[in-house]
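Taking it in order: structure first as structure tokens, then the write-up.
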Amino acid sequence: MAATPRFRNDAVAAPDPGTEPDPASEDRTHPVDETLPPLKMFTSGLQHVAAMYAGVVAPPMIVGPAVGLTPKETAFLMGASLFTAGIATLLQTLGFWRIGARLPFVNGVSFAGVTPMVAIGKDRGHDGIAVIFGAIIVASLLGFVLAPYFCKLVRFFPPVVTGTVITLIGVSLLPVAFNWSQGGNATADDYGSTTNIIMAAVTLVIVLALRKLLRGFLQQIAILLGLVIGTLIAIPVGITDFGAIKDADMVGFPTPFHFGAPQFEVAAIVSMCIVMLVCMTESTADMLALGKIVDRPADERTIEGGLRADTLGSAISPLFNGFMCSAFAQNIGLVAMTKVRSRFVVAAGGGILILLGLFPVAASVIALVPLPVLGGAGIVLFGSVAASGIQTLASAALEKGENALIVAAAVGIGLIPIAAPEFYHAFPKDLLVVLDSGISTGCVVAIVLNLAFNHLGRQPDTEPDVEPEASDPVKAASVGAH
């Protein structure tokens, strides 16, 4: 029997007794730890920034006006969000000590906090922002302390759970792409116009054609090329807005505590602590998904480091006027599609985000990409995440026990916020932080049902069909599901 190929710095099962290790394979660097040529590093990192840009600036665009900030102050929040997203991404990809997942993991402003932040700071101006920042700091520090304990939940994420959650991540993101394809602003006159939808369709076709026709490096940056070509086509069509470049400052540093010292209110802190738990749940699911995609399964230590980077980045963020940071699932789709698994590529993207935060005029160039163009590319990106989840479910032994029922119930409940957004309208607002996230509700349902059907009451002499691999806690945890 041939020796199992091994990557340096990658935990795998020990080789079979009696086999000779392959020196060449022992010295191979895992693709996650590879450094690429500078040009490839930059362009691939820029592609990640292009995929996440709209998601980073959207929360401050919503929160700023809602709490009574001026357009200029809202623009300042957007630049700060880019800057802090870059810091959080570097913490995740490069890391230090036991902080950072050291995976190609992108961090940015979490959408989960938008609704409670608006409720906390509504019409209070700078005081509202100061209260929001104070609540984020406390919630983030609490999350940092809880990370070593929260990561132990990994044993409750066998393939039947991870596959369900990954699928829900992709499906939950698709409405975002559809909204972008229509124009992004439901109050705009051209929202859902044939022009916007046709531009999204044209971009989608361009991306698919580039993926089919190109080879090598150019194929890997097909999304970036598709966005550039789509934006150039959109100029004569008339949906490209150059106003952002005209109004942008050349240089702008996010001055610490620009809106005043943080303020601490108990109700706001409790609300943001709930958001932090939601973010930690989603980040855990995202790390498990990404670990499978890059062939480096996320164990407890990886998840602990990733959660610590999430929470530390979120605690630092208010210092520079940014919001709570968490994983960006759309970039997982980009990794799955391009097959570029290097964490240093994403670190380069983090560096670009920091520069965009320091040079608003550069950030405005990225903002030239019309949302319909971004939506067309997003359909491919987010669909790739869902496809990865389906692939994981294919190995989850759905024909055995009640696994198919677990998936059916979890996916069905997870789709409620997407299919019926007003379904929970009568519930308390604090509960909506969790219930309005299909990823969180679907994840909780899948975990609970997996425990109920595959663990509780199982006969001690029941033998698993497949021996778990000790080096992979996700596979080891799936024994009960088989």
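Bear in mind that the values here come from a model prediction, so they are computed numbers and not experimental data.
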Quiz item: Do V407 and T167 come close enough that some side-chain heavy atom pair is under 4.5 Å?
Solution: no
Quiz prompt | Heavy-atom side-chain contact between H48 and V345 under 4.5 Å | solution = yes
Practice problem: Report the C-alpha distance between I137 and L319 in whole Å, list the side-chain angles of each, state the deciding distance to 0.1 Å, and finish with yes or no for side chain to side chain contact (heavy atoms under 4.5 Å, CB included). | Solution: CA-CA 9 Å; I137 291 172; L319 172 65; over 6 Å; no
Practice problem: Give the minimum heavy-atom separation between C325 and S317, together with the two atoms involved. | Solution: SG-OG, 4.3 Å
Self-check item: Side-chain touch P104/V294, heavy atoms, less than 4.5 angstrom
Solution: yes
Quiz item: Going from CG on L94 to CD1 on I99, what distance comes out if it is rounded to the nearest 0.5 angstrom?
Solution: 13.0 Å
Practice problem: Indicate the atoms forming the closest heavy-atom contact of F328 with N107, along with that distance. | Solution: CD1-C, 4.2 Å
Quiz item: Distance from L355 atom CG to L82 atom CG, nearest 0.5 Å?
Solution: 11.0 Å
Quiz prompt | Minimum-distance pair of heavy atoms, taken over all atoms of I136 and S140 | solution = O-OG, 2.7 Å
Quiz item: Closest heavy-atom contact between A336 and I293?
Solution: CA-CG2, 3.8 Å
Exercise. Kindly indicate whether the side chain of L290, heavy atoms from C-beta on, has any atom under 4.5 Å from the side chain of V335.
Key: yes
Quiz item: Should I379 and V207 count as side-chain neighbours, where that means a heavy-atom distance under 4.5 Å?
Solution: no
Quiz prompt | A80 versus N321, closest heavy-atom pair with distance | solution = CB-O, 3.4 Å
Exercise. Using the side chain to side chain contact (heavy atoms under 4.5 Å, CB included) rule, take L374 and L371 through it: C-alpha gap first, then chi angles, then the decisive distance, then the call.
Key: CA-CA 5 Å; L374 195 59; L371 284 179; 4.2 Å; yes
Practice problem: Mind checking the CG-CD spacing from L334 to Q47? Nearest 0.5 Å is all I need. | Solution: 4.5 Å
Quiz prompt | Side-chain touch I269/L142, heavy atoms, less than 4.5 angstrom | solution = no
Quiz item: Does a donor on one side chain and an acceptor on the other come within less than 3.5 Å for Q92 and D310?
Solution: yes
Self-check item: Between CG on residue L405 and CG on residue L398, distance to nearest 0.5 Å
Solution: 11.0 Å
Exercise. Compute the ring centroids of F133 and F323, then answer whether they are less than 6.0 Å apart.
Key: yes
Quiz item: Between V171 and V411, does a side chain to side chain contact (heavy atoms under 4.5 Å, CB included) hold up when you go through it step by step?
Solution: CA-CA 10 Å; V171 174; V411 170; over 6 Å; no
Exercise. Could you tell me whether the side chain of P148 reaches within less than 4.5 Å of the side chain of R308, counting heavy atoms only?
Key: yes
Quiz item: Checking side chain to side chain contact (heavy atoms under 4.5 Å, CB included) for the pair F83/L358: CA distance, chi angles, key distance, verdict?
Solution: CA-CA 7 Å; F83 182 79; L358 295 175; 3.8 Å; yes
Quiz item: Is there a side-chain contact between M117 and M272 (heavy atoms, below 4.5 Å)?
Solution: yes
Quiz item: Can you check whether A396's main-chain N or O pairs, donor with acceptor, with N403's side chain at less than 3.5 Å?
Solution: yes
Quiz item: What is the distance from atom OH of Y149 to atom CD of E304, rounded to the nearest 0.5 Å?
Solution: 9.5 Å
Quiz prompt | Whether over 12 other heavy atoms sit under 6.0 Å from F264 CZ | solution = yes
Quiz item: Nearest heavy-atom pair of D33 and R343: which atoms, and what distance?
Solution: OD1-NE, 2.9 Å
Quiz item: Any side-chain donor-acceptor pair under 3.5 Å between D286 and S283?
Solution: no
Quiz item: CG of L312 to CG of L307: how many Å apart, nearest 0.5 Å?
Solution: 12.5 Å
